[in-house]
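Accompanying notes for the structure given below.
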Amino acid sequence: MKLRSLSKEAWKWGAVTKMLSDYRRLKRVATEEIQPTKEEAISLQWEYLRELMGNPDEKLYAEKVAYITERKLQYNQYKVQKIEKAVAFYKQECEDDGSEEALRRYRVIDALYMNKNKASVQEIAEREHVSDKTIYNDDNLARSIIAIYLSSM
């Protein structure tokens, strides 16, 4: 029983870490124009040419590709909103607490995951006048709290 709960907690921990780590990429993909890779661009060109030729099966395929792309975009937007909402709840909790440690934990999460330009642990430690270990501890504690917010949404 204990092992199952530990494995569930480990899964949640890994999922939260992945979501926060992917936030910048998801935000960029969800808000900016999607730029296809070189292989995708070539594939799209061939699909366009096939569509011009008038094969009905190819038209259905192109519509399916467009539908899947749109669904991925919507899902990415949903994940971005979910992460932003959880972090906003965490920010409010830190502000309500009012302690310098809580506010620092929020700033650590913001600098590591949410800001457009990611800061390194060393840069954050210098800015906050604490050790690298404190930054890692703050990050771990903040992610565990954010995991609770994410799991409740």
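In this chain, residues are counted from 1 in sequence order.
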Solution key, residues 118-126 side-chain donor-acceptor pairs under 3.5 Å, sequence neighbours excluded:
| residue | atom | partner | partner atom | Å |
| --- | --- | --- | --- | --- |
| Ser120 | OG | Glu123 | N | 3.1 |
| Glu123 | OE1 | Ser120 | N | 3.0 |

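A donor-acceptor contact shorter than 3.5 Å is absent between the side chain of Asn115 and the backbone of Asn117. With hydrogens and angles disregarded, a donor-acceptor distance shorter than 3.5 Å links the side chain of Ser151 to the backbone of Ala147.
Across Glu128, Glu95, Glu101, a single residue satisfies salt bridge (charged side-chain N to carboxylate O under 4.0 Å, His left out) together with Arg107, and that is Glu128. With respect to Val87, the side-chain contact (heavy atoms from CB on, under 4.5 Å) criterion is satisfied by exactly one of Asp110, Leu20, Leu150: Leu20. Ile83 pairs with exactly one of Tyr78, Tyr113, Tyr23 by the side-chain contact (heavy atoms from CB on, under 4.5 Å) rule, that one being Tyr23.
With 3.5 Å as the limit, one finds no donor-acceptor pair spanning the side chains of Tyr106 and Glu93.
Cys94 approaches Leu103 most closely through the heavy-atom pair O-CD2, 3.8 Å. Between Ala102 and Tyr90 the shortest heavy-atom distance is O-OH, 4.4 Å.
The line from CG of Leu141 to CD1 of Ile109 is 9.0 Å long, rounded to the nearest 0.5 Å. The structure places CZ of Phe89 at 12.5 Å from CD of Glu84, a figure rounded to the nearest 0.5 Å.
Arg105 has no carboxylate O lying under 4.0 Å from a charged side-chain N of Glu100, or vice versa, which leaves the two without a salt bridge.
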